[in-house]
Structure formats: structure tokens, C-alpha cells
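For reference, the structure is listed below as C-alpha cells.
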Number of protein chains: 6
Amino acid sequence: MRPSDRTPDMLRAVTLETGVNRYAEGSCLASFGHTKVLITASVEERVPGFMRGRGVGWVTAEYGMLPRATHTRGRREASEGKQSGRTQEIQRLIGRSLRAIIDPAALGERQISIDCDVVQADGGTRTAAITGAWVALRQATRYLLDEGVITTDPILDQVAAISCGVYKGVPVLDLEYEEDSNAEADANFVLTGKGDIVEIQATGEKRGFTQGEFEALFGLARKGIGELVTLQQSAAK
Amino acid sequence: MRPSDRTPDMLRAVTLETGVNRYAEGSCLASFGHTKVLITASVEERVPGFMRGRGVGWVTAEYGMLPRATHTRGRREASEGKQSGRTQEIQRLIGRSLRAIIDPAALGERQISIDCDVVQADGGTRTAAITGAWVALRQATRYLLDEGVITTDPILDQVAAISCGVYKGVPVLDLEYEEDSNAEADANFVLTGKGDIVEIQATGEKRGFTQGEFEALFGLARKGIGELVTLQQSAAK
Amino acid sequence: MRPSDRTPDMLRAVTLETGVNRYAEGSCLASFGHTKVLITASVEERVPGFMRGRGVGWVTAEYGMLPRATHTRGRREASEGKQSGRTQEIQRLIGRSLRAIIDPAALGERQISIDCDVVQADGGTRTAAITGAWVALRQATRYLLDEGVITTDPILDQVAAISCGVYKGVPVLDLEYEEDSNAEADANFVLTGKGDIVEIQATGEKRGFTQGEFEALFGLARKGIGELVTLQQSAAK
Amino acid sequence: MRPSDRTPDMLRAVTLETGVNRYAEGSCLASFGHTKVLITASVEERVPGFMRGRGVGWVTAEYGMLPRATHTRGRREASEGKQSGRTQEIQRLIGRSLRAIIDPAALGERQISIDCDVVQADGGTRTAAITGAWVALRQATRYLLDEGVITTDPILDQVAAISCGVYKGVPVLDLEYEEDSNAEADANFVLTGKGDIVEIQATGEKRGFTQGEFEALFGLARKGIGELVTLQQSAAK
Amino acid sequence: MRPSDRTPDMLRAVTLETGVNRYAEGSCLASFGHTKVLITASVEERVPGFMRGRGVGWVTAEYGMLPRATHTRGRREASEGKQSGRTQEIQRLIGRSLRAIIDPAALGERQISIDCDVVQADGGTRTAAITGAWVALRQATRYLLDEGVITTDPILDQVAAISCGVYKGVPVLDLEYEEDSNAEADANFVLTGKGDIVEIQATGEKRGFTQGEFEALFGLARKGIGELVTLQQSAAK
Amino acid sequence: MRPSDRTPDMLRAVTLETGVNRYAEGSCLASFGHTKVLITASVEERVPGFMRGRGVGWVTAEYGMLPRATHTRGRREASEGKQSGRTQEIQRLIGRSLRAIIDPAALGERQISIDCDVVQADGGTRTAAITGAWVALRQATRYLLDEGVITTDPILDQVAAISCGVYKGVPVLDLEYEEDSNAEADANFVLTGKGDIVEIQATGEKRGFTQGEFEALFGLARKGIGELVTLQQSAAK
């Protein structure tokens, strides 16, 4: 039934490749099928103005999509002169998700900037970005520990994300673009390694959807994120 | 326990006052306690470029906050030269929520623009905006029906919204600012009159939260939105 | 002769309602007939860069119009990404008018920001804004005196404003939109409580106009502003 | 008493030099003492969107100041990314002033764009711009008549402008920078060749000023504009 | 002598990998040592406004750098709200270089947009971009030929580019970042497959440099571009 | 053969007029035939952020073109809200060229800002700007020496620039617009007084061009710049 012949509860082939940027303190190329997001974690010895002088750290994220990451070329936001509402919404989500599992005091007054650039898009770019960003963040914080810059690990838990949706009436896990653009409802779930909720965003695309459907999506997400958490552990080693 | 002495499942005093703008085809001043959002619905005989020539309509929304709607004066987005990510996120949410209960074919190739301007903010501005916007939209579409511009009612259902959160460990309904800024988790629910889900946005602010907490919030939201739906019906008469 | 059946020297119904914003140090809803401007005065413990270190204060103003304040919906300046020339011209005028009756040394090195947002427009929004802004400013400075933040009253005089115009060949006071958009000439007068000139802006809209016409407009403005000054005193009590 | 030893009712040396741009249909270098404004009038076979299809013409103006036109270097608006409120206010005034003496039907559906660039500033740049712009506009419309593009002269009258102010308590004509920056009040007058009022902008800079002072300024302006009108006629020959 | 132990006339390891984007009509990952530029060629059935209606085609280019492509994180141009002068200069160079070897009439009224995104930077990003862009353009035009959209090959010749510089007094080929940032002079050469000059940009960084030095750089560039042209042919097969 | 009947190696009439701005520390009106660029050098007692605290100076340049400097009116960059890529490219070139002949330590921690505004354009505006900018810079630095602000002359050499091109198959010196817009190749050369290369920018406009053609252009440039260097010396006296 699915364009890729997956069963409803099956993830796409997921890889979390590290060491993909020579300069960044952490980096990860997160691939979910044809979706590929290049993520770097950069340590910066400064914090935003509103955080200055408190002695605690900050994690922030920016998100972008290369113009031809999609089927037809999109406009380059840098030449447009502004980031779209969608871009800002996504990068705010990534930042919040990572801050939920960080101890800012352990990080000290410094910032880790996460850059998520979509090299190729086939649905699920924001959840791939979050999942890979944890790996890059894990590396960057380990670097700070190894260098003796910090002494307490600021990472409190893992965090990973996946999208689910109701496609042709059936709840399915990890939507690819063809499914996503035709789904009756879709939802992004961000959970911690322990299974706590960090963020849920659920939207009825063509109609409202029922609580039962929502619960089915949540169940699929739990299963998928369980698998992602294991992949993150392998990648972060 | 709550700053306003409400019980956990109690809404603030809510009023949906219509006829508050002399020119707009629909208008509503939505008050949730001290939160006041002025909403207008404007019929425009044009649609955005990407919708042109299809013979179907569009509903869109813009959101703004007066600089002194808040405890301390915020910067005016018009003089800043751009809308914040938060503003864009909210106005996208309002637009999606309204489009979920509209039949675009019945509307014909015209647009209804919903403007939501927060005159005073005390938490829950986006959900107040959605709840009041439905009333303004109801008026504007009735105007089109009364004038004979359209012949089929494009409104398929009601839509209303409320925020809930975990405050001092207790799930509570309809957060005011003091609660919102100290909540462990908060969630915005947008449901149709029938009770279907249009949108859920749930965020752990300081920590992840459990599925049980989420379900308690959902239950409170169902109760609150049930009351809002009744208020909308009275206002729209 | 006038659309509203007023005599040429008659103001519209004017009200200056205070206490309309829960957070601002001063606030006023100025209504001139159907024109309604919501004004807040916000005390801020900082001054613009060019004023820093002089020990004296500053009063500034910003102006905006809600998109559907007018007969047809206008574009939202925040989403346009810039304020129009008209908006900037008006907010500069409001700021200058208020600074003319303020003793900046008595204010101390702090700023009062006046926000004027037009909720509904039917001509004369800038003059309504100035007239109401004085009331909000009066409240905010009284608040500073009452709190002991300052000890000398920085308000040296009142300031109020009105528009006049030549409509169908007749000089008339306090133009509403239908008159304004058809006037042969219009003029905005800003006078102090004592009757001194703070600002005059007179424009021939369709033709030049004579000195005699100008003097007739000035006479009408003196009469109208006399009445506004009395209304301000009542409102400010 | 005046820095330049002029009597109160004396203009600075004024020249209106034509033929200063090889490409423009009309051009004028307007010098009022050390103030020098380079003006071009460009005929364009299009009108702004809101004027299209009416068969009538439009005159518009833009104003700029070279960064080192002033005593200390100002920032370049093009690199700032926006025109200041002052710039927009001035260019709107220039455009209105010229449109007041133009018959748009005689111009046909085309636009004349007036560019006023201040090469050196010593007070009175906006009034110098208006005065010189009439000369450039006169040339550009004569060009259209000579080429047979239009058959009726669209110029209905002359228009010229001058500033006056109260300096050290004395009303004086044609303020230079040192006077302007210390004036108690200043006013810009735009009059037609016949002496009708096109625009008056009067501002109390440090205090309100009296009606008597205003009338003295108006009298000086009439005298000065009378002289400018004669100079325009010579220049336009 | 060189940080990488290369001889002065030696290129870094260069690879031009194709098929790196699933959607683009042409794509190439150009690697020059640690410099990696991801290039896509997108066929679009429209041309810019100034080219419309002429029946001929257009090739344009955009350039960007991921924030952590460099040793320290740079700001994201999309969130800055504008492209730097450097970025615009480079993308204009890439576009001009490609248009020099294209027959616009053979392309028909359509555009090929080249996107060059620097994934990792170690000097020579603009010349790597040009060299790889030719490969992507070759693929995209072959696609148009294969699909029968066009019948004449619009590619007239190859084009490739390399940087050279005077480093510690010695002319060297293909500067890496450490050399580039310490060079006394550097030059970018863009040549056709036949060896004609498309563009030369030579700059004395710390001092002027001599004609003899320039000629030595030109000679190195000829050698390097000769090798690149061969690599392009292999990649394009 | 040339539109102006010049021989291939002949400059246009060049004048470098000083003293053209009353306020600037240095100024020059550079005329190359009908091309006229007004240049000012402004001393500012500050340096850009990235230079602060090093005790050395900075020279920077900005470039602009009046809207009707050209045959048809161009858009005003200040009202467009951004500088074009071409403008930025040119002003970067001017700044680099001047910095190449300056000793920043001798200048002390201050900035000289060069403004180059094209009053009338007929080809070669960037090279006229560089040539005239040296004269303005020479004046501004002499002013600093004369005032005793600095004690060592920061000017190490002269710098001048000229364009050359292949027009109708013939290498010619100092292209005017008609030649420039039809040239097969053009090149801008920036040389020091001693003849060293500061910058070369050569572009094949319609085709690649040969090394022989390039060398011919270089020879012409040497001759032309030799003449300009003499003119600069006269102007700077």
C-alpha cells in the first residue's frame, strides 16, 4: 500500500553518519531514505544577549534547505532576503527539542549552534534533523569534556523524533514525501530516550482526525523512536 | 493554587463580542480574562498567486501584538522590519485551523483575510485568536450568503482552541501568563465542533512530560473547548 | 451640507477614555466619531543612543494602523517589512508635538514611548493620536511623580491637535474620511494649551488655496482645540 | 545679526543652472548659497500600478543626500537598506508640490520622475529641490511638446518654495544651516506663481510660537518666493 | 614549502562526482582537497524578465556557504537577511563564466539555474564551483537533448577555473586556505577548453605585484586547467 | 573607428578637479569624457569593529550612481532597499585598491571613508572613481599631517586605474559606454605609480579572448595609467 512497499510500522533505511565535517566539534549526516540532512554542532564562546552573565549555556539551531533539495527548485532564502515562516518554525522546534535534554549550567556560559542543512528532501526533514542533531551535540559536548573545558556532562538524556500520518486511511510511520503530501493527518513526535514527551505537533491536513487515530500515530512513533534511539547510541560511540 | 483561584478545569471569563469594527465583514473581540484579541474578517475578491484560476477560495490569517500588550513594552514588528518567528508560527496555525473547517469550493475564488491583533496579552493569545476568528469568519461568510455572492455555506463545522499545561505539577485548563511562564509543559489544542482534532502542539518547557500528563491535558481541553463552542454559537447568532 | 450634518465649526463626538491598558503607565482610547486610536505611554529606563549620558529624557512615538481599520483592508506593515512614508511622517509629527511641551531635564535620563494604534479610521487619526497621547503622557508622568522617581513635573503645557479643510468650498472643522478624501485643501494644527503654534501642516489637495482660506481654517482650529483642551483636562483628572 | 550678514528678508545667492545632465529630459542644479541640489526630470512611458489604465499622467519625486553633503559624514541610505523617515517625508512633499501645478490629463499616461540629490547641504535642501524641480519639469514637458508627444502644456502654473524661521527672536528668510539648527521656529512655504498656497509646514523647534510670528514668516516667504519665481522664468527660457 | 607538501605546480586531489542529487537535471560534488562544493543544475521553463520574449535562454548561478563550512562558524546569510558582497561577486562570476560557453539560442527560452553550495571550504571555492558547474550544466543540457526538448547542443566549449598565488614569494597553483590567507597576491583564472580567457581576477593582497609574477601565475593556471578539463571530460561521460 | 574618433591608445579628456566639497577633508570630481564621478574623503575617528584596538587605520569606499546618471533612469538603490551586486563589487574593488598603497599603522586608529557618486556615466566609472579617489585620499591624509594628527605620511605610492577592451576586434584604451556595451572583452587594470599590479579584472563578454589580446590590453593600460599618474600629481599639488 505504501509507495515504498513498507509495512505501516516500518522506518525507512536510517543512517547517522558522523565525521562528515572537518572543522565542526560535532557533525552528522542523517539519512532517512532519500531525505539527507547535514548537521554540524559548533561550540562558540559566547551566548545570546538575553543569556549573558548568568553563567549558563545555550543551545540554538538554524535550518535551511538547499534550493534543489526538492523535486522542483525552490528559491534561495539568502537571496530572498528572509527565512520563510516554515523555516523559522522548524529551527525553533529543533532548538527547543535539544534544550529539553541539556543541563545549561553544566555547559557553562557558552553556546552550541546546530546547523541543519537539507541536502535532499523526501519528507521528514525536521525529524531527521532533530535525530541527527542529538548525535552532533553528543560529539560536541564530549569534545568539551575531553578537552577539560567542562567537567560535568550537560547531556541529560537522548532526544529523537519521527513523523507519522494517516495515509489512505491507515496510520503509518515515517512518511516520505509522496505520503506526506497526501496524508489526511500528520504528526511529529519528539521523545526523550526514556520515552517522555518533548514535543508533539499534530495537524489535520484535509479534515480533523479522531483521538483514536492520534493514539495510533503515537504508538507508531514510540516504536520508531525506540529504534532511532538505538541507532543514535551506535553513532555516538 | 492557581494565581486566579480557579479550579484546574475552569476557564477564565470568556466573552466573544461581535460588531467591534464598522467596516469589516466580520469582527470579534475575544477576551479570555485579561487577554484581549481584536479580530476582523475581510472579504477580498482575489486569491494568492498559487491559488489563481482554480475557482476555489482561500482563508488566511495574520497576527500581531501591540507593543504594550505585554508587561513590558515589546518592539513594534513594523518598525523592526520583520515579523518574528513566533508571530509567523502563530499566524500559520490560525490559518490552518480555519481552513480545516472551510469548503473552499463553496467560497468561490475569493479570500477571507483574518487579522488577529492582540490588544492585551495575559497568556493564550493564539487560542483566543482561533476561537474568536471562527466567529468573525462565520459573520463574513453569512454576509456573503445574505448578499447572494455565494449560495452554499462554506463553513463545515466550528473550530475552537484552548491551552492547557502542567503547572506546579497539576494539569490545568486555560493558562494565564503567570502560569504559562512557569509551566512544566503546555499544550494548545484546536478541535472542531464535533470534537475532531485539527491541531495539537504540546511542548515540555522544562522537562519532558509523560503520556499520562498529556492525556490529562487533552481531557481538560475537551471540556474547555466544549464550553467555547457553546459561546461561539451564542456570539454568532 | 456635511455628511454628518454637523455645522462647519462643530467637532465630532470626542471621548478620551483612560485606563484602557492594564500594563501601561498611561493609556487613552481617543475617539473622534468613528475614528478610534488606542494610545499607550510606556516608561523605559533607557534613552536612544544619541541622547545617552546627558541626564535628560526623551519622548518618542510610534504609529500604526490595524489592517482593517479602513474601508478596505490595507496591508500589514509588519508583514510588508517596512513602515510606509505616511506612517513615519505621522509618528515623527506625534513625537515632535509632545516633545514641544516637555522639559527633558525634569524627566531625567529615561524615555517615554508613545504607541498610537488606529483601531478604526474615519479621518483625523494623527490629530486624534496627538490629543489622546497628551492624556497618556500626563498619566505616565504623574505615575513617575507619584512613585517619587522624578520630583519636578516635566509637563510644561497641554498640546492638542485637529484637522480642518476646505470641503465643497466651505472651511470646516474636524474632517471625517468622506470630507477628507474630497477636500480642496486640508490642514492639521497642533497648538499648546496656551494657544501657541507647535505645528501646522497645510496642503492644497487639488489646487492651491488662498491665504484667506488658510486663516479661516486656523480660526476653526483654535475653536476646536479650545474644546479639546478642556476634554483633556477632564480625562487627565 | 545673521551669520552671513544678510538682512532678515534677504535670500542667499540663488542660481538655477540648467543643462547639467546629458541624458535627462530636464535638469537643474539649484544653488542657494552653499546648498546645492542636482535635479533631473526623467520621462518614463509607464505609470505606477494604481494609476494604470486611466489615461492620465503622474509626477513623482525621489530625494537623497550624498553621504558627505553635510559637515560630518552621514550614512549612505542605500547601504543602510532603507530611506529615513526624513527622506521619505521630503520626497513626498516634493511630489505633492509638483502635482499641484500639473494637469495630469494633458501629460497622458506617462510618468515624470524627479530625482533630487543633495550634493552639498547648508539648510533649505527641500525648498531648493522644489524650486529647481519646477525648472527641470518645465524642460521635460517642453521636450514632450516639442517632440509632439503631447499637444497641451501640462504645466498650469509655477511652484516655488522657501524656508523661513525665527532666529534669535527675529523672523528671517531662507535659513542656512547655522540658523536652521538654532531657530526657535521654522516653516517651509510652497506657493504657486499666482501666490496660492500649495503647502505650509511650520514647526516650533524649542517652544511653541505665536500667530504673529507665523504671519511674519509668511510675509517673508511671499517676498522670497516672488523673487524665486522670476529666477525660474529666466532659467526656463 | 607548501603546507600540504605539494610542488608549486601541483593541484590538490580533485574529484568531480556526478549523480549526487536525485532530483536535479545535473549535479556534481566538486572536491579540491578539503574544499567540497555541491552543485546542481536545474532546468526551469522560464527566463528572467529582461530576457522574456526573445526566444533565447539564460544560465544563472547562486552561491552559498554552509555556516560551518569554515574553521569558525560564519553567520547564515538567510538569517542575516542578505547575501554578502563577496557572495554576490562570486555568483556573478560563476554565471558569467558559464554563459561564455553557451549558445543561448540553442537553449531556447528557458533557464538553467546553477546552485553552488560550499559544504566545506579550504580555499578555491569559486574556482571549484565553476569547474564542477560545467559538469552539472553538461548533464542538464544532455538531458534536454535526450528528451528532445532541444535539438542543438548549447554547449560550445568547456570552461574550468583555478586559483594561483604568490605564497612566500613563490608562485604556486591551487591555493588552499592557509596559503590563500597568507598569499602576497592571488589570481583566479577561468579558461575555456581551447585555452581562451573567460575571466581573470588578480589581486595584490599585501602589496602590488609584478608583471613577471602575474605571468608565472598564468602559466601555472594553464597547466592546472588543462588537467581539470580532462577530469571534466571523464566526469561528464 | 571609435565613436569618439580617438585612436586606440588615446584617453578621453580627463580632469581631476579638487575642492569640490566644502566639508570633506578631501574631494575630487573625476571626469573621463562624459563620465563624471564626485568623490569625497572623510576622516572618521573610529574604525570598523573587526579593526578595533589594533592601533592601525582603515580605508573603505562606497559607490553609488544617481538614478539618471545613465541613458535611461535606473532605480534608486536607497528606495530599493539594497545595493546591487554590481555596486558592492565596485566599492569592494575601490577599497582594496586604496588599501594597497596605504600604511595602516601610519594612519593610526582612524578610518578614511571614500564616497564615489557617479553623477553622469559613460563607461569607466569604477576606474575613474579609483583614479580620483587617490587624489581625495591624498588631500585628506595631507590634512591630517598638516593638522599634526599624524606624523608619518600613510600614502606609500600612487594608484590609478583604467579600462581597456577589444572593440570591433581592436584593443582600445579607456572605453566609453558605446564601446563598453559592444566590446568582445574588457579589462580593468589598477596599477601603482611604480607600475606594480594592484588588481586586474578581465572578462570575455561575448567569447573567450586570447592571451595575445590580453597582453595588448595590458600594454594600453600601462600607457594610460602612466598619463593618469601625472594628472594625479598635478591635481594633488
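From a predicted model like this one, the values you see are computed outputs, not experimental measurements. A note on names: the letters A, B, ... follow the listed sequences, proteins ahead of strands, and every chain is numbered from 1. All values below were derived from every heavy atom in this structure, side-chain atoms included, with hydrogens, water molecules and symmetry-related copies excluded.
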*Where on A:Gln211 is there a heavy atom nearer than 4.5 Å to chain B: the side chain, the backbone, both, or neither?*
both

_Heavy-atom pairs under 4.5 Å with chain B - which of A:Val198, A:Val159, A:Ile101, A:Leu191 has more of them than the others?_
A:Val198

*Which answer fits B:Thr87, side chain, backbone, both or neither, if we ask what part of it has an atom under 4.5 Å from a heavy atom of chain A?*
neither

*Is the number of heavy atoms from other residues, nucleotides or ligands within 6.0 Å of NZ (B:Lys223) greater than 12?*
yes

*Do A:Arg126 and A:Leu93 come close enough that some side-chain heavy atom pair is under 4.5 Å?*
yes

*Side-chain donor-acceptor pair present, A:Glu62, A:Gln91, cut-off under 3.5 Å*: no

*Classify the angle between the aromatic ring planes of B:Phe214 and A:Phe218 as parallel (below 30°), tilted (30 to 60°) or perpendicular (above 60°).*
perpendicular

*Most contacts with chain A, counted as non-hydrogen pairs under 4.5 angstrom, among B:Lys194, B:Arg92, B:Arg86, B:Gln88*: B:Arg92

